[in-house]
2 protein chains.
Amino acid sequence: MARTTTTRERLIRTAAELFWRQGYAATGVTAILRRAGVTSGSFYHFFSSKEDLLLAVLDATEEMLQVEIFGPAEAATEDPIERVFAVLDFYRRYLVSHRFELGCPMGGPAAELSASRPRVRARVAGLFKIWKDAVEAFLVAAGDRLPGEVDRGALAEMVLAVMEGAVIQARARRSLAPFDAAVGQLRRFFDLLEDRAGRAAEVPVSAIMERGGGAESADWRAW
Amino acid sequence: MARTTTTRERLIRTAAELFWRQGYAATGVTAILRRAGVTSGSFYHFFSSKEDLLLAVLDATEEMLQVEIFGPAEAATEDPIERVFAVLDFYRRYLVSHRFELGCPMGGPAAELSASRPRVRARVAGLFKIWKDAVEAFLVAAGDRLPGEVDRGALAEMVLAVMEGAVIQARARRSLAPFDAAVGQLRRFFDLLEDRAGRAAEVPVSAIMERGGGAESADWRAW
DNA sequence: GTCTATACCCTGATAGAC
DNA sequence: GTCTATCAGGGTATAGAC
């Protein structure tokens with residue numbers, strides 16, 4: 001209902017981008033204040049510490065996952081398996097639109113702070129679970145297109161692992177090649193799973209394949 | 001030929017562990033000096049800056065990849081595909097033996113510094129390539145056990161992505177469950193690929209499977 | 001809620017004797 | 001090669017007026 005961005009929101013969004021770009025420890029509170037046009041007094045009115053601000057950023061990330069990623073993926077296609085790849089395509093576009101300078105909002109804090117900031121670690125673990133559950137729901141919706149013996153939760157964890165690993169590699173190489181290679185192999189895996197499920201059902205499978213085109217343009221900067 | 005650890009080596013190993021645990025930016029030079037029992041003057045005799053030290057750590061990582069991971073994986077089993085999983089098993093044991101407090105020596109710096117430290121980014125990209133090439137070599141050695149149309153390089157990139165993503169998730173959850181889930185699905189993928197390759201060869205496949213037991217105990221701390 | 005001013009500490013790095 | 005002493009700057013966070 002806020003007609004314009006509040007100071008608190010501006011701090012969260014500014015901090016988010018800086019954290020995603022250069023990490024938490026390397027980002028000074030001063031830099032956040034300068035870029036947000038906010039003074040120290042206001043900052044500590046809303047947040048008790050820099051870590052508290054990061055936790056608020058992670059809270060905002062939870063909302064963002066639904067609004068910017070899973071919602072659009074659902075809107076992009078009815079096909080549950082294509083929805084999984086629409087999610088991955090979001091990260092692909094995110095990487096290029098920021099020229100590989102921003103990392104994953106979950107993976108970055110997870111890699112940097114899991115050992116030293118218990119509250120951050122726990123919060124990130126929660127985000128990973130939300131992400132995994134959302135993908136798992138797509139996989140469950142795929143029903144018997146996947147073999148019955150495949151654990152949908154485990155498969156969702158693998159999708160998440162591929163995404164995180166692909167993003168890290170793409171940023172280090174400044175190239176989509178490793179991302180596309182990894183996701184391409186994931187696609188092959190799904191094709192084989194579908195093939196096996198079809199085979200098991202002893203049905204030749206007709207025109208199941210018409211593979212959607214991926215989600216529309218979405219951007220975490222476009223909050 | 002150094003009979004005992006030199007000051008330079010001690011700095012590198014001490015810094016490595018601190019960087020892996022708490023990240024680069026969060027690790028002060030002073031903390032490294034204290035734990036290594038070295039004074040500031042000696043440090044700047046060997047290294048021109050903190051970043052220079054990190055680059056030396058990454059150089060050491062390259063050696064370590066061969067000595068601690070790929071060498072042992074080759075020694076553990078003759079089966080090229082099992083060698084891939086022996087490599088992944090190394091990371092599994094690494095995670096538990098350090099109680100999820102240490103991150104991946106490549107993935108950590110990649111996630112934290114790819115955008116802000118060009119030299120680090122380039123060096124990490126080189127390490128990723130070395131890792132990928134080593135796995136690709138195993139996959140090439142697997143010959144026609146994998147379908148001919150499968151790009152061995154792309155498959156190796158996917159293995160790397162799964163490893164990095166699985167390590168990040170495991171650290172955030174402080175649990176092997178997400179790691180095992182992701183690697184378990186990767187195993188299923190390989191099984192399907194082998195099944196398909198066998199099918200294509202129109203050979204029923206006999207006793208190809210006798211799956212090795214994984215590498216011996218190895219530990220990056222045991223340098 | 002926002003401002004200015006500042007406390008206080010730790011940072012990476014250097015100087016120069018030994 | 002290693003030591004002690006130290007610099008200059010930035011770090012997070014606070015105090016108290018408005």
Side-chain angles (χ1 to χ4, degrees), chain A residues 1-58 60 108-109 112-113 115-120 123, chain B residues 1-58 60 108-109 112-113 115-120 123:
Chain A
M1 293 298 182
R3 52 194 186 285
T4 180
T5 70
T6 69
T7 298
R8 195 186 126 93
E9 283 169 344
R10 209 160 62 256
L11 283 167
I12 289 174
R13 294 174 196 202
T14 305
E17 186 172 333
L18 289 173
F19 291 160
W20 299 341
R21 184 181 311 268
Q22 47 188 342
Y24 173 79
T27 302
V29 172
T30 316
I32 297 168
L33 299 180
R34 201 182 325 117
R35 289 185 50 139
V38 170
T39 57
S40 170
S42 294
F43 175 85
Y44 286 100
H45 171 72
F46 292 109
F47 304 98
S48 63
S49 67
K50 182 182 163 188
E51 177 173 330
D52 188 39
L53 170 61
L54 174 57
L55 293 170
V57 168
L58 294 174
E112 185 183 356
L113 305 167
S116 51
R117 305 264 169 183
R119 296 163 56 108
V120 174
R123 194 78 195 75
Chain B
M1 296 302 181
R3 52 192 185 284
T4 181
T5 71
T6 69
T7 298
R8 195 187 127 92
E9 282 169 342
R10 209 159 64 253
L11 283 167
I12 289 175
R13 293 173 196 202
T14 304
E17 186 172 334
L18 289 173
F19 290 160
W20 299 341
R21 184 181 310 269
Q22 46 188 338
Y24 173 79
T27 302
V29 172
T30 316
I32 298 168
L33 298 180
R34 199 181 330 115
R35 288 184 50 138
V38 171
T39 58
S40 170
S42 293
F43 175 85
Y44 285 100
H45 171 74
F46 292 108
F47 304 99
S48 63
S49 67
K50 182 181 162 187
E51 178 173 329
D52 188 38
L53 170 61
L54 173 58
L55 292 170
V57 168
L58 294 173
E112 185 182 355
L113 305 168
S116 51
R117 306 263 169 183
R119 296 164 55 113
V120 174
R123 194 76 196 75

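Note that this is a predicted model, so its numbers are computed, not measured. Just so it is clear: chains get the letters A, B, ... in the order the sequence lines come, proteins before strands, and each one is counted from 1.
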>> Closest approach to the side chain of A:Y44, judged atom by atom: which nucleotide of C:dT14, D:dC3, D:dT14 is it?
In response: D:dT14
> For the residue pair A:R10 and A:T14, what are the closest heavy atoms and their distance?
Replying inline: O-OG1, 2.7 Å
> Counting side-chain heavy atoms from CB outward, which of C:dG1, D:dT2, C:dG12 is closest to A:H45?
Replying inline: C:dG1
> Atom CD of A:Q22 to atom P of D:dG10: distance rounded to whole Å?
Replying inline: 15 Å
>> Within the 4.0 Å heavy-atom criterion, would you say A:T7 contacts the bases, only the backbone, or no part of the nucleic acid?
In response: sugar-phosphate
> Roughly, in whole Å, what's the span from CZ in B:R34 to P in D:dT4?
Replying inline: 15 Å
>> Over all strands shown, is B:F43 touching base, sugar-phosphate only, or nothing at heavy-atom distances under 4.0 angstrom?
In response: nothing
>> I want to confirm an ordering. Mapping A:A26 and A:G41 to their closest nucleotides on DNA chain D, which one lands closer to the 5' end?
In response: A:A26
> Atom CD1 of B:I32 and atom C1' of C:dT11: how far apart are they, to the nearest Å?
Replying inline: 12 Å
>> Taking A:E51's backbone N and O only, do any of them form a donor-acceptor pair with A:Y24's side chain (distance below 3.5 Å, no angle check)?
In response: yes
> Tell me: CG of B:L33 to C1' of D:dT6, nearest whole Å?
Replying inline: 15 Å
> What residue among B:L53, B:I12, B:V120 forms side chain to side chain contact (heavy atoms under 4.5 Å, CB included) with B:L58?
Replying inline: B:V120
>> Among C:dG12, D:dA13, C:dT2, which nucleotide has an atom closest to any side-chain atom of B:K50?
In response: C:dG12
> Separation of B:L54 atom CG from C:dA13 atom P, in whole Å?
Replying inline: 12 Å
> Of all heavy-atom pairs between A:F43 and A:V38, which one has the smallest distance, and what is that distance?
Replying inline: N-CG1, 4.1 Å
> In whole angstrom, what separates A:R8's CZ from C:dT2's C1'?
Replying inline: 17 Å
> Does the D:dT14 base have a donor-acceptor partner in the side chain of A:S40 within less than 3.5 Å?
Replying inline: yes
>> Distance check needed: C:dC3 C1' versus A:F46 CZ, whole Å only.
In response: 13 Å
> Can you tell which of D:dT12, C:dT4, D:dC3 lies closest to the side chain of A:T39?
Replying inline: C:dT4
> If you take all heavy atoms of B:A56 and B:F47, which pair is closest and at what distance?
Replying inline: CB-CE2, 3.7 Å
> Counting side-chain heavy atoms from C-beta on, which of C:dC3, D:dG11, D:dA13 comes nearest to A:T30?
Replying inline: D:dG11
>> Using whole Å, what does the distance between atom P of nucleotide C:dT11 and atom CG of B:L53 come to?
In response: 15 Å
